[in-house]
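Both backbone and side-chain heavy atoms feed into the values below; hydrogens, waters and symmetry mates do not. Counting starts at 1 for both ligands and their atoms, in listed order.
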Amino acid sequence: MADTGTKNPVAVEQAGGRFHCSEAYVPLARTAHLVAHDLMPIFYDTHAHLDYPDFASDLPQVIERAQAAGITKIISIGTDVASSQRAIELSDRFGQVFAAVGWHPAHALEAPDDLRPALRALARHPKVVAIGETGLDNHRLPSAKAGGAAADDERYQRKQAQIFEQQLEVAAESGLNCVVHQRDALEATLAMMQKFAGRVRGQFHCFADDAAAMRRIVTMGSLVSFTGIVTFKSAQNVRDALAATPLDRFMLETDCPYLAPAPYRGKRCEPAHVREIAAMVAQVKGCTLEDLSAASCKTALGFFPKLK
Ligand SMILES: [Zn+2]
Ligand SMILES: [Zn+2]
């Protein structure tokens, strides 16, 4: 039933706490093709790059389609200070959009030496729900590029670690958690998070490691979140990790405009596609969409204290 919903967006209606997670449903009474009592489980997109140019021409429609698909909260994630500011602006403009502010490890070399003052100021905004995305990424080191050398890798990794630690500090001070981007750097990322144990938890976003890695993350009090990768034929290892993840220890996200789930693979991804991700996740977990809705929304509300 959700598929037709994306083509016929219902009017956005935010009054009266109707979309609060404890209700777990959005009435679809306004869609003519559905009977009045038809209900649809709601989900959140906990990681979307809504400020990217990919959405510049049709963002209101993108948000409307998400709402029609039952995706009632979207966290727009920052990748540097300017992107974080744009995420905040979007949260001011759209009631269902929230912001995370941070600096992505892939852009570490362009970061100021001390990122903390800028982030502290941004984090005070009432709709900033987390610090990130931040973390460590060894996937494409400078030495792998033309003209790169081992010394460049060292400088890059040192700067990544420096700004990751600064972001964890700001998170701890602000009472927020971190959205963690980790690629080919699990051990170092866990070691850094360990320094902040008991103060900051991490959402290991776009989780694509194995069940053993998931268990280590969950054991330290952090969480994982799954993207459209779970729908890819080749991603049985990610579905296995998901099957092993307790129902209250993960969230859903698109990481849009990237990683569109099947059957949209290769196209621009958008928050409405959490529906397709949720369908696969419920199948792998052997639970109903309603159970998944209740669990994943509750987990997100607990993890992001300002997500209201
Ligand atoms: Zn990321
Ligand atoms: Zn991202």
Side-chain angles (χ1 to χ4, degrees), residues 44-55 59 62 66 71 73-88 90-91 97-111 115 119 122 128-141 156-157 159-161 163-164 167-168 171 176-186 188-190 192-193 201-209 213-214 217 222-230 232 235 238 241 250-261 268-271 273-274 277 300 303-304 307:
Y44 303 154
D45 185 352
T46 63
H47 190 114
H49 294 277
L50 294 185
D51 73 303
Y52 278 19
D54 311 65
F55 296 113
L59 189 57
V62 166
I71 314 309
K73 293 184 197 293
I74 304 166
I75 298 174
S76 191
I77 184 101
T79 52
D80 58 22
V81 166
S83 157
S84 300
Q85 269 158 347
R86 290 196 297 271
I88 290 176
L90 293 174
S91 79
V97 174
F98 295 79
V101 297
W103 200 291
H104 195 288
H107 311 308
L109 289 174
E110 295 102 76
L115 185 56
L119 280 189
L122 294 174
V128 169
V129 298
I131 302 297
E133 56 185 299
T134 178
L136 302 173
D137 187 334
N138 285 334
H139 187 60
R140 267 190 224 110
L141 292 174
Y156 180 58
Q157 288 172 311
K159 189 71 185 281
Q160 283 194 0
I163 62 165
F164 185 19
Q167 291 178 77
L168 283 160
L176 298 174
N177 287 315
C178 267
V179 179
V180 176
H181 171 106
Q182 179 281 127
R183 203 155 176 209
D184 299 340
L186 182 67
T189 306
L190 290 174
M192 182 68 89
M193 292 298 299
R201 296 191 291 146
Q203 171 193 16
F204 283 64
H205 104 93
C206 194
F207 188 77
D209 289 297
M214 176 278 296
I217 290 164
S222 287
L223 303 169
V224 294
S225 62
F226 293 96
T227 61
I229 292 176
V230 292
F232 297 175
V238 180
F250 69 86
M251 298 184 274
L252 305 180
E253 62 162 303
T254 56
D255 204 8
C256 65
Y258 311 117
L259 299 171
R268 182 187 72 171
C269 185
E270 61 177 63
H273 296 162
V274 171
I277 298 169
F303 184 83
F304 301 108
L307 190 70

**Student:** Could you tell me whether the side chain of Pro261 reaches within less than 4.5 Å of the side chain of Val230, counting heavy atoms only?
**Tutor:**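 No. Closest side-chain heavy atoms not under 4.5 Å.
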
**Student:** Just give me the atom name: the N, O or S atom of Asp255 closest to the Zn ion (ligand 2).
**Tutor:** OD1

**Student:** Among the N/O/S atoms of His49, which is closest to the Zn ion (ligand 2)? Give the atom name.
**Tutor:**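 Looking only at N, O and S atoms of His49, the one nearest the Zn ion (ligand 2) is named NE2.
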
**Student:** Would you please classify the geometry between the Phe226 ring and the Phe250 ring as parallel, tilted or perpendicular, with 30° and 60° separating the classes?
**Tutor:** perpendicular

**Student:** Taking the side chain as everything from C-beta on, heavy atoms only, tell me whether Ile217 gets closer than 4.5 Å to Gln182.
**Tutor:**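 A side-chain contact under 4.5 Å is absent here.
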
**Student:** Angle at the Zn ion (ligand 1): provide the value between ND1 of His181 and OE1 of Glu133, rounding to 10 degrees.
**Tutor:** 100°

**Student:** So do the side chains of Glu133 and His49 get within less than 4.5 Å of each other, counting heavy atoms only?
**Tutor:**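 When only atoms from C-beta onward are counted, His49 and Glu133 do touch, with a gap below 4.5 Å.
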
**Student:** From the Zn ion (ligand 2) out to just under 2.8 Å, does an N/O/S atom of His104 turn up?
**Tutor:**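 So His104 does not count as coordinating the Zn ion (ligand 2).
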
